[in-house]
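Comments concern the structure below.
Predicted model only: the values in this text are computed from it and were never measured. By convention in this document, chain letters (A, B, ...) are assigned in the order of the sequence lines, proteins followed by strands, and residues within each chain are numbered from 1.
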Protein chains: 2
Amino acid sequence: MPDRAFPEGGPSFSPLYRQIKALITRSLQAGEWRPADAIPSEIELAARFGVSQGTVRKAVDELASENLLVRRQGKGTFVATHSEEKVQYRFLRLTSDDGKPLRSERRFIDCQRLRAPADIAHPLMLRSGAPVFMVRRLLSFDDRPVVLEDIWLPGAHFKGLTTERLTDCRGPLYAFFEEEFGVRMIRAEEKIRAVAASAEAAQWLKLIQGAPLLSAERLSFTYDDKPVEVRRGFYDTSFHHYRNTLN
Amino acid sequence: MPDRAFPEGGPSFSPLYRQIKALITRSLQAGEWRPADAIPSEIELAARFGVSQGTVRKAVDELASENLLVRRQGKGTFVATHSEEKVQYRFLRLTSDDGKPLRSERRFIDCQRLRAPADIAHPLMLRSGAPVFMVRRLLSFDDRPVVLEDIWLPGAHFKGLTTERLTDCRGPLYAFFEEEFGVRMIRAEEKIRAVAASAEAAQWLKLIQGAPLLSAERLSFTYDDKPVEVRRGFYDTSFHHYRNTLN
DNA sequence: GAGTGGTCTAGACCACTGA
DNA sequence: CAGTGGTCTAGACCACTCG
């Protein structure tokens, strides 16, 4: 049975279900259950942790609402995965103006191993000059180039990444990262701006230089809010828009 | 005790707590409890609806997570209001690049009663030509004009709206709408693009024509997902950005 | 101390899945 | 049919607020 003690400076009270939640998260992080696997049933977990089913339930509820677990009535609770998502692009909020589904195509332009410039190293919590991978790719929707993005990944977690392996990858990129490198993206933060297209961006997106582009700078996190990806994307919003819901 | 029957085509099963939730929502909508008021305690609600406290709790939990109610331990559960929010702009996701708080100032440029053009009437579910109010305003942060927006409101719900009344209003605009017109904004959807500044927008925002601007088209909803506001904003993102969190 | 929301339990039963 | 998650109950106790 977990202890209710808390460290100096922490919250004044940590309910049991949060401690259970932390234990389950630790098992997820440690890979005790693989992506897409079923985790033990609520009754089993309750026995294992020495608490009631209701307490386990509340812990699992929160993890499910954070998209770390997926509940399926009658079947069990499963470790979430990027592989079997309905949407190809989990974090890309771009939609066609006419609402039709996007027939998408992607092309990897480049993949290099280099030393992190300061403005990449800093958000990734690396030292300047640390090894990183830089992937550049172009997404086209209905044969129109729409998204040009640079993806920066810490070298330590993505050893052996090459353009070839990226090109061979079929499903979502995040599923590839999850399977090949054991890095699971949980959540992300974006900063969005309007900018004028550089000569290079204009060329790839088949626009004139200076055309307005949406700039999205994304920082993605894995367990423990550890940053593991920086993305800098330019979106041509002539026929598409970035959608958002405010609550 | 509510009935579990469900209408043709609805979900195959409607749990009790969702029916309770619907009943509470109806009372909120009907104004049985005013904004910022405390609603009855969980025990009272349980007695009133003839269910257990746990069932009421689950209903209230969902309403709190949708920002319709606010729970305060030891005090009670309160009807959410736009008046006492920490943030001045509930739905404006604009942040200064340096992260410092924004000293903001707003100026109402115009307020007219006119007939809705088709592209405004349609999202508001009005007929083309229906009376609407159009409010134009300019927001400045640290003495720099950053946001120019047109706000469109259905005439039927905002009778008597004038520039004067808007200028006199101190707190958030949505608090003003809530208090003066009984229209409470619950959630919103936005479509975001990069566009080139028009001559008019450039003038207000002190930019050159053609400068890249973020365009945000917002549709806000009140109870029952009824649309009651269209906003078209242009944001100068030279020193600010639109932030978003992806889950 | 009384009243509120917050946690935890134990047990019953329901809805759904798949063998 | 057994096993899973989902709902609902009744009751106990805890944490917090305020008079």
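Summarising the geometry, the separation between CG on B:L69 and P on C:dG6 is reported as 11 Å, rounded to the nearest angstrom. The distance from atom CG of B:L16 to atom P of D:dA10 is 12 Å, rounded to the nearest whole Å. Atom CD of B:E62 and atom P of C:dG5 are 18 Å apart (whole Å). Across the protein-nucleic acid pair, B:Q53 atom CD and D:dC8 atom C1' stand 13 Å apart, rounded to whole Å. Summarising the geometry, the separation between CZ on B:R72 and P on D:dC16 is reported as 17 Å, rounded to the nearest angstrom. Spacing between atom OH of B:Y17 and atom C1' of C:dA15 amounts to 13 Å, rounded to whole angstrom units. Between the CD atom of A:E44 and the C1' atom of D:dA2 there is a distance of 14 Å, given to the nearest Å. If you measure from atom CG of B:L45 to atom P of D:dT9, you get 14 Å, rounded to the nearest angstrom.
Contact annotation: A:S41 does not reach the phosphate of D:dG3 (side-chain N/O to OP1 or OP2, under 4.0 Å). Distances shorter than 4.0 Å separate some side-chain N or O of A:R57 from OP1 or OP2 on D:dG6. Between A:K75 and D:dG3, a side-chain N or O to OP1/OP2 separation shorter than 4.0 Å is absent. When the side-chain nitrogen and oxygen atoms of B:T55 are compared with OP1 and OP2 of D:dT9, one or more of them lie within a distance under 4.0 Å.
Judged by a 6.0 Å distance limit and a 45° cone about the ring axis, A:R187 is positioned over the six-membered ring of A:F221. Cation-pi check for B:R184 over B:F177 is not met; the charged atom does not lie both under 6.0 angstrom from the ring centroid and within 45 degrees of its normal. Cation-pi contact between A:R218 and A:F91: absent, since separation from the ring centre below 6.0 Å together with deviation from the ring axis within 45° is not met.
Residue whose closest nucleotide on DNA chain C sits further toward the 5' end, between B:I43 and A:S52: B:I43. Taking for each of A:K58 and A:G74 the nucleotide of DNA chain C with the nearest heavy atom, the 5'-most of the two is the partner of A:K58.
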Show me the donor-acceptor pairs, under 3.5 Å and distance only, between side chains in residues 63-70 of chain B and residues at least two apart or in other chains.
unit_1, atom_1, unit_2, atom_2, d
B:S65, OG, B:E62, O, 2.9
B:E66, OE2, B:K21, NZ, 2.8

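Distance from the side chain of B:Q73 is smallest for C:dG5 among the nucleotides C:dG5, D:dA10, C:dA15. Proximity note for B:V51 (side chain, C-beta onward) versus D:dA15, D:dT9, C:dT9: the nearest is D:dT9.
Judged purely by distance below 3.5 Å, without hydrogens or angles, the side chains of B:Y242 and A:E190 never pair a donor atom with an acceptor atom.
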